[in-house]
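Notes for the one structure printed next.
Along the sequence shown, residues are numbered consecutively beginning with 1. Computed over heavy atoms, backbone and side chain alike; hydrogens, waters and symmetry mates excluded.
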Amino acid sequence: MDTIRLQKILHEHAVKPTANRIVLLRTLAAAERPLSLAELEQRILTIDKSGVFRTLAVFKEHGLVHVIDDASGARYELCHGHHHGHAVDDDTHVHFFCERCHTTFCLDHIPIPPVDLPEGYEMSTANYVVKGICPNCR
């Protein structure tokens, strides 16, 4: 994804386009699956761990990424939701965690089933992870 498109995405989410934010956004956009903080650090050698973490926090606050809590910890992926400039996450979908290779896969064509919460509860987002063995490990 070119820099102009990345800057536009940041602008649409009311995030100032700094060099670090563009690098992190490019890395997330190119990723084929959700990435852990350690994996992002390995792919981005020009930004230290705290810089990556702070940028992810800004992205999460502005609805640019969502966090998946799988069996190995938090993973981050670019949110393709449609509420630019808001922290509303309408890109919720099922994820699959392979218990053999410890990889988390997006199953973005499978939406999270609706949850009928009791009165008084208000959902902001959902995390749905299915665990098992992926096709490559079978």
Side-chain angles (χ1 to χ4, degrees):
M1 197 178 293
D2 68 27
T3 302
I4 292 173
R5 176 69 183 126
L6 295 169
Q7 289 174 333
K8 183 178 181 208
I9 291 169
L10 290 169
H11 177 73
E12 289 171 346
H13 287 81
V15 175
K16 182 180 176 182
T18 66
N20 284 357
R21 291 172 181 171
I22 290 169
V23 167
L24 185 57
L25 183 59
R26 178 177 283 122
T27 302
L28 288 168
E32 295 179 1
R33 60 183 179 80
L35 301 173
S36 68
L37 182 58
E39 289 171 320
L40 285 165
E41 288 176 66
Q42 291 169 356
R43 293 178 185 212
I44 305 170
L45 301 176
T46 58
I47 307 172
D48 65 16
K49 181 179 187 173
S50 63
V52 172
F53 187 78
R54 283 192 310 270
T55 302
L56 287 169
V58 170
F59 285 4
K60 185 174 185 309
E61 178 183 337
H62 289 268
L64 253 170
V65 297
H66 52 257
V67 182
I68 298 96
D69 293 315
D70 64 17
S72 64
R75 295 187 178 274
Y76 303 86
E77 72 177 340
L78 191 59
C79 180
H80 299 284
H82 304 293
H83 294 281
H84 299 301
H86 299 72
V88 175
D89 187 357
D90 66 352
D91 180 32
T92 57
H93 52 268
V94 173
H95 293 86
F96 185 90
F97 177 77
C98 179
E99 295 172 315
R100 190 164 293 156
C101 68
H102 302 277
T103 302
T104 299
F105 301 91
C106 284
L107 304 178
D108 50 6
H109 58 284
I110 302 175
I112 292 177
V115 177
D116 190 21
L117 295 173
E119 187 174 329
Y121 290 87
E122 182 179 322
M123 185 174 87
S124 61
T125 189
N127 185 31
Y128 197 101
V129 178
V130 176
K131 297 176 186 176
I133 305 298
C134 73
N136 292 334
C137 291
R138 269 187 45 205

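- Looking only at side-chain heavy atoms (C-beta outward), Ile110 and His93 stay at 4.5 Å or farther from each other.
- Note that the CG atom of Asn127 and the CG atom of Asp70 stand 8.5 Å from one another [nearest 0.5 Å].
- A donor atom on one side chain and an acceptor atom on the other are not found under 3.5 Å apart for Thr27 and Arg43.
- Atom CZ of Arg75 sits about 5.5 Å away from atom CZ of Arg33, to the nearest 0.5 Å.
- Taking OG1 of Thr55 as the start and CG of Asn20 as the end, the distance is 5.5 Å to the nearest 0.5 Å.
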Exercise for the section: For side-chain contact (heavy atoms from CB on, under 4.5 Å), just list the numbers for Ile9 and Met1, CA-CA rounded to whole Å, side-chain angles, deciding distance to a tenth of an Å, and then say yes or no. Expected result: CA-CA 11 Å; Ile9 291 169; Met1 197 178 293; 3.6 Å; yes
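- A heavy-atom distance below 4.5 Å is found between the side chains of Phe97 and His102.
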Problem - Worked check of side-chain contact (heavy atoms from CB on, under 4.5 Å) between Leu10 and Leu64 - result: CA-CA 8 Å; Leu10 290 169; Leu64 253 170; 3.6 Å; yes
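- With no hydrogens or angles considered, a side-chain donor-acceptor pair links Ser50 and Asp48 at under 3.5 Å.
- Atom NE2 in His13 sits 6.5 Å away from atom SG in Cys79 (nearest 0.5 Å).
- Of the inter-residue distances, the one linking Ser36 atom OG with Gln42 atom CD reads 7.0 Å to the nearest 0.5 angstrom.
- For Pro34 against Glu77, the heavy-atom pair with the smallest separation is CG-OE1, 3.8 Å.
- For Leu117, the CG atom counts as densely surrounded, since its 6.0 Å shell holds more than 12 non-hydrogen atoms of other residues, nucleotides or ligands.
- Salt-bridge check for Glu12 with Lys8: passed, with a basic side-chain N closer than 4.0 Å to an acidic carboxylate O.
- Nearest approach of Phe96 to Leu107, heavy atoms of both residues: CB-CD1, 3.9 Å.
- Between the CD atom of Gln7 and the CG atom of Asp2 there is a distance of 9.0 Å, given to the nearest 0.5 Å.
- Side-chain heavy atoms closer than 4.5 Å link hydrophobic residues (I, L, V, M, F, W, Y) into clusters, and following such links, even through other members, never connects Phe105 to Ile68.
- In the displayed structure, Tyr128 atom OH is contacted under 6.0 Å by at most 12 heavy atoms of other residues, nucleotides or ligands.
- No donor-acceptor pair closer than 3.5 Å links the side chain of His95 to the backbone N or O of Thr104.
- Within the 4.5 Å cutoff, the side chain of Val129 has no heavy atoms near those of the Asp69 side chain.
- Checked against a 6.0 Å centroid threshold, the rings of Tyr76 and His66 do not count as neighbours.
- By the criterion of side-chain heavy atoms lying less than 4.5 angstrom apart, applied directly or through intervening Ile, Leu, Val, Met, Phe, Trp or Tyr residues, Leu35 is not grouped with Val94; the two fall into different hydrophobic clusters.
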Practice task
Carefully, step by step, assess Val23 and Ile47 under the rule side-chain contact (heavy atoms from CB on, under 4.5 Å).
Solution key: CA-CA 9 Å; Val23 167; Ile47 307 172; 4.1 Å; yes
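- Hydrophobic clustering (side-chain heavy atoms under 4.5 Å, transitive across Ile, Leu, Val, Met, Phe, Trp, Tyr) groups Leu24 together with Phe53.
- Between Leu56 and Leu40, the closest side-chain pair of non-hydrogen atoms falls below 4.5 Å.
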Practice task
Show your reasoning for whether side-chain contact (heavy atoms from CB on, under 4.5 Å) applies to Thr3 and Arg26.
Solution key: CA-CA 8 Å; Thr3 302; Arg26 178 177 283 122; 2.8 Å; yes
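- A heavy-atom distance below 4.5 Å is found between the side chains of Phe59 and Leu28.
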